[in-house]
Amino acid sequence: MKKKFSKWPLAFLYLIVSLPIGIFISVTVTQILMNVFYFFTDGIDLNLSSIDYFKIFKGSVIGGVIGAIGCWYIYYRNYRKQ
């Protein structure tokens, strides 16, 4: 007898790990591009150490986990119907 393997725990784990990483990368790149834009337009010094990476990390973890739980809930609701 073949044991049925459930996909929803792996989807949950994947979302919990990948969404905060994606949010951190996108916010950090946005901050860097914003500093580069101000460097070229206003002549402000290009200082990448002024970016608060720890604050971005905390926000991305909190927001990523909340977003991951929401996405997983939508996935799981459709998974139960099948």
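- I62 is not connected to I25 by any chain of hydrophobic side-chain contacts under 4.5 Å among Ile, Leu, Val, Met, Phe, Trp and Tyr, and they are in different clusters.
- Hydrophobic clustering places I69 together with Y76 (ILVMFWY residues linked when any side-chain heavy atoms are closer than 4.5 Å, directly or through intermediates).
- Test L15, L13, L19 against W72 for side-chain contact (heavy atoms from CB on, under 4.5 Å) and you get one pass: L15.
- The distance from atom CZ of F37 to atom CG of L46, rounded to the nearest 0.5 Å, is 13.5 Å.
- Within 6.0 Å of atom CZ in F57, 12 or fewer heavy atoms from other residues, nucleotides or ligands are found, so the atom counts as exposed in its surroundings.
- Shortest non-hydrogen contact noted between I23 and G63 is CD1-C, 4.1 Å.
- Residue pairs that meet the side-chain hydrogen bond (donor to acceptor under 3.5 Å, both in side chains) test with at least one member in residues 43-71, sequence neighbours left out, are N47-S49.
- Closest non-hydrogen pair, F24 versus I56, comes out as CD1-CG2, 3.6 Å.
- In the hydrophobic clustering of this structure, V36 does not group with I44; members are Ile, Leu, Val, Met, Phe, Trp, Tyr whose side-chain heavy atoms approach within less than 4.5 Å, directly or through other members.
- Listed by first and then second residue, the side-chain hydrogen bond (donor to acceptor under 3.5 Å, both in side chains) pairs that reach into residues 21-41 come to none, sequence neighbours excluded.
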